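Have a look at the structure below before the remarks.
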2 protein chains.
Amino acid sequence: MTDSADGTRTETLREPTPAAARDIVARGIDREAIVTVYGRCTVDYEGRASSRLEAGARHVMLKPDGAALVHTDEGQQPVNWQPPGCTHDAVCEDGELILESVRSTPDERLRVRFREVLQVSAFSGTDENELALVGTEEDLRQRILEDPSVLEAEFTPLATERETPAGAVDIYGEDAAGRAVVVELKRRRVGPDAVSQLRRYVDALERDLHADAAVRGILVAPSVTDRASRLLTEHGLEFVSLEPPAE
Amino acid sequence: MTDSADGTRTETLREPTPAAARDIVARGIDREAIVTVYGRCTVDYEGRASSRLEAGARHVMLKPDGAALVHTDEGQQPVNWQPPGCTHDAVCEDGELILESVRSTPDERLRVRFREVLQVSAFSGTDENELALVGTEEDLRQRILEDPSVLEAEFTPLATERETPAGAVDIYGEDAAGRAVVVELKRRRVGPDAVSQLRRYVDALERDLHADAAVRGILVAPSVTDRASRLLTEHGLEFVSLEPPAE
DNA sequence: AATTAAATTTCGTAA
DNA sequence: TTACGAAGTTTAATT
C-alpha cells in the first residue's frame, strides 16, 4: 500500500492467492478505486447479445462508475466490457477469483473467471480536469455562424437545431434570393448516409412549409465519396467543402 | 520480475524514478508486452482533431499492436487514445516520464507527460482464443435464410449482399407474386437512418432493373421508433418484427 | 426511460 | 488504400 502527498493511493499484489486478490478487488471497489487484474481467465457475457471467450491472458479494469473492460493484447476496443452503471462483485469459487459486473435495463451480465492471477491493483486518485477538444462538428458550425459567407455569399442563418418532423436541422437559413436552406454539417469526409440524412430534412421541411418553392439542401464537409456525390446530384442537393477549424 | 509456468511474465515497479519507469516501458514495448502506467499526467493529442487534458490521475495502456489508451476513473471509453498501428516511445524529459504514440495516414500524435508515476507494469502472456459472439445481424440473416417463411409466406431469397449502385443489399429475393424484394436487417430497434438506408437500396434497384413494377422494401428488426414508422409509411416500405436468435 | 445523431467513433470486409 | 456499413457500438442532449 502506498499513499502519496496528493492523496493518490495504490495497492498491488503479485501472484496473490485468489482470496487475497478478492480482498484487494473488494476493498478497491469499496473505496471507489480503479481496480485492475491481469491473468489467465475465461469471460462470459449475456445481455443484448451473448458471448464466450476461452482461456487467455487478459487485462481487466473495473471503474468506480460501474464500467468494466476486458482487454487482450490487441485492438483499441475491449474484447468484452460493461457500460457505466453496473454493480461490480468479486468472489472466490472453487479456489478461483471471479469478477462479475451486472446491470439492468437492459439486463446484462459479465463474468470473468481467473485460472491464474498474475497481478491485482487498486488505484485511487483525483481527476478534476476535463478534456478540451477542438475540431468537432460544433466547431465547424461556429465557423459558419461567425462568417456565413464561407458557405456562400449572402447566406443568412436563421436558426440552429431547427426542428422538423424528421429531426433537427444543423443550420437553417435563407439565401440571397430568400429561399429556405437546410445545411447538414459533417466534420469529415462523408458517404451516402449523410446525403440521405440531408434528404430527410429537406423533404420534411418542404412539407412543413408546404411552400411551392423547393428547399435547398447543402451538405458541408471536407469532402464526399463518389457514390455520395452521385446521390447528391440525383436528389438535387448541393455540396460545399469546409473543414472544422484546426485550433 | 515474475515468470509463470505458462510463459506469462510480469514486471512492476511502485513509485519508480522517471528513468526506471522509462526502462520498464521501453523493455515492455520491446518484448511486445501490454504496458500500463498509473499516475498524474497531462495529455496532448493532435490529429483528426486536437485536444488537451490538464493534470489528473489516469491509467495509460500501451498495446503491442500500437494501440494506446488513456483512462480516467469514469466512462467506458478512454478520454484519449490512439488506434492500433502506432509506434510507441518512452523518454525522460526534464526528469519526467513522457509516453508518445505516433502514426501516419492520418498523421496523429498522442503525448502523455507524467508529473508523478505511481506504478508501471509490463504484462506478457498468450491469448490464442477468439471471442464467440451470438446475436448479431449475421445470425438474424441465417435465421431468415434457413426458414424464409419467418419473413413472409412464400418468400424466396435469391442473393445476399446483392450489389446495387447504392451499395449491397442484405437479402434480395422475390415474393409469392414474383415481385422483387429488398430486405434490410437490423439486430436492434431502428430509427430513421435505417429507413433511409432501405430507401436508397429500393430506389437503386428500381433504376437498376428499370422495371415498371415497384420493388418492395422490407425492414426487419425487433422494433421501430415512431418517426421511423412514419417514414416507412411515407416511403411505401414495410416492416417485419424479428429478433436475432438468442443462442 | 426513450429518441436522435455525433464520434479523434472502431472494426471488418471488399474492391 | 479507400469505401461502406455493422456494432453488445458509446456518449451527449433533448424530450
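Please read these numbers as outputs of a predicted model, since none were measured by experiment. All chains are named by letter (A, B, ...) in the order of the sequence lines, taking the proteins before the strands, and each is independently numbered beginning at 1. What's counted below: heavy atoms across the whole structure, side chains too, no hydrogens, waters or symmetry copies.
In this structure, B:Q82 reaches neither bases nor backbone, as no heavy-atom distance under 4.0 Å exists between it and the strands shown. Note on A:R109: nothing from the nucleic acid sits closer than 4.0 angstrom, heavy atoms only. B:D226 comes within contact range of no nucleotide atom at all, as no heavy-atom separation falls under 4.0 Å. Nucleic acid contact for A:E108: base, since at least one base atom lies under 4.0 Å from a heavy atom of the residue. B:A228 comes within 4.0 angstrom of no nucleic acid atom, judged by non-hydrogen atoms across all strands. Note on A:E184: only backbone sugar-phosphate atoms sit closer than 4.0 angstrom, heavy atoms only; bases stay farther off. At a threshold of 4.0 angstrom between heavy atoms, the contacts of A:A67 with the nucleic acid are absent.
Inspection of the A:N80 and A:S51 side chains reveals an N or O donor paired with an N or O acceptor under 3.5 Å. If you check the side chains of B:T42 and B:R113, you find no donor sitting under 3.5 Å from an acceptor.
Helical stems in DNA chain C, defined as runs of 3 or more consecutive Watson-Crick or G-U wobble pairs with both donor-acceptor distances under 3.5 Å, are listed by first residue as C:1-7 with D:9-15, C:9-15 with D:1-7.
Distances shown here put a side-chain N or O of B:W81 below 4.0 Å from the OP1 or OP2 atom of C:dT10. Distances shorter than 4.0 Å separate some side-chain N or O of A:R187 from OP1 or OP2 on C:dT9. At C:dT4, none of the side-chain N or O atoms of A:Y201 fall inside 4.0 Å of OP1 or OP2 (strictly under the cut-off).
Here B:R216 pairs with B:E152 in a salt bridge; the nearest charged N to carboxylate O distance falls below 4.0 Å. A salt bridge between B:R109 and B:E46 is absent, with no side-chain N of the basic residue lying under 4.0 Å from a carboxylate O of the acidic one. Under a 4.0 Å N-O distance rule, the pair A:E93/A:R111 qualifies as a salt bridge. Under a 4.0 Å N-O distance rule, the pair B:R143/B:D139 does not qualify as a salt bridge. A:E137 and A:R188 are not joined by a salt bridge, as no carboxylate oxygen comes within less than 4.0 angstrom of a charged side-chain nitrogen. Ionic pairing of B:R103 and B:E108 is present here: one or more N-O contacts between side-chain nitrogen and carboxylate oxygen are shorter than 4.0 angstrom.
Within a 6.0 Å sphere centred on CG of B:D226, heavy atoms belonging to other residues, nucleotides or ligands number 12 at most.
Below the 3.5 angstrom threshold, one finds no donor paired with an acceptor across the side chain of B:D193 and the base of C:dT4.
Across D:dC4 and C:dT8, the matching P atoms stand 22 Å from one another, rounded to whole Å. Rounded to the nearest Å, the gap between the P atom of D:dG8 and that of C:dT4 is 22 Å.
Counting 5' to 3', DNA chain D first comes under 4.0 angstrom of a heavy atom of chain A and last does so at the ends given by D:dA3 to D:dT11.
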Using a cut-off of under 3.5 Å, enumerate the N/O to N/O pairs linking the protein to nucleotides 11-15 of chain C.
unit_1	atom_1	unit_2	atom_2	d
C:dC11	OP1	A:Q76	N	2.8
C:dC11	OP1	A:Q77	N	2.9

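Residue B:L110 contributes atom CG, which lies 16 Å from atom C1' of C:dT9 at whole-angstrom precision. For the pair A:L198 CG and C:dA5 C1', the computed distance is 14 Å after rounding to whole Å.
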Under 3.5 Å, which donor-acceptor pairs do the side chains of residues 53-64 of chain B form with other protein atoms, sequence neighbours left out?
unit_1	atom_1	unit_2	atom_2	d
B:E54	OE1	B:R52	NH2	3.3
B:E54	OE2	B:R52	NE	2.9
B:R58	NE	A:D127	OD2	2.8
B:R58	NH1	B:C41	O	2.6
B:R58	NH1	B:E54	O	2.7
B:R58	NH2	A:D127	OD1	2.7
B:R58	NH2	A:D127	OD2	3.3
B:R58	NH2	B:E54	O	2.8
B:K63	NZ	A:H71	ND1	2.9
B:K63	NZ	A:T72	O	2.8
B:K63	NZ	A:E74	O	3.2
B:K63	NZ	A:G75	O	2.8

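Contacts between residues 47-61 of chain A and DNA chain D, defined by a heavy-atom separation below 4.0 Å, involve A:R48, A:A49, listed by number. The stretch residues 127-147 of chain A has no heavy atom under 4.0 Å from DNA chain D, so no residue of it qualifies as close.
Note: A:S101 OG to A:L110 CG = 5.5 Å, rounded to the nearest 0.5 Å.
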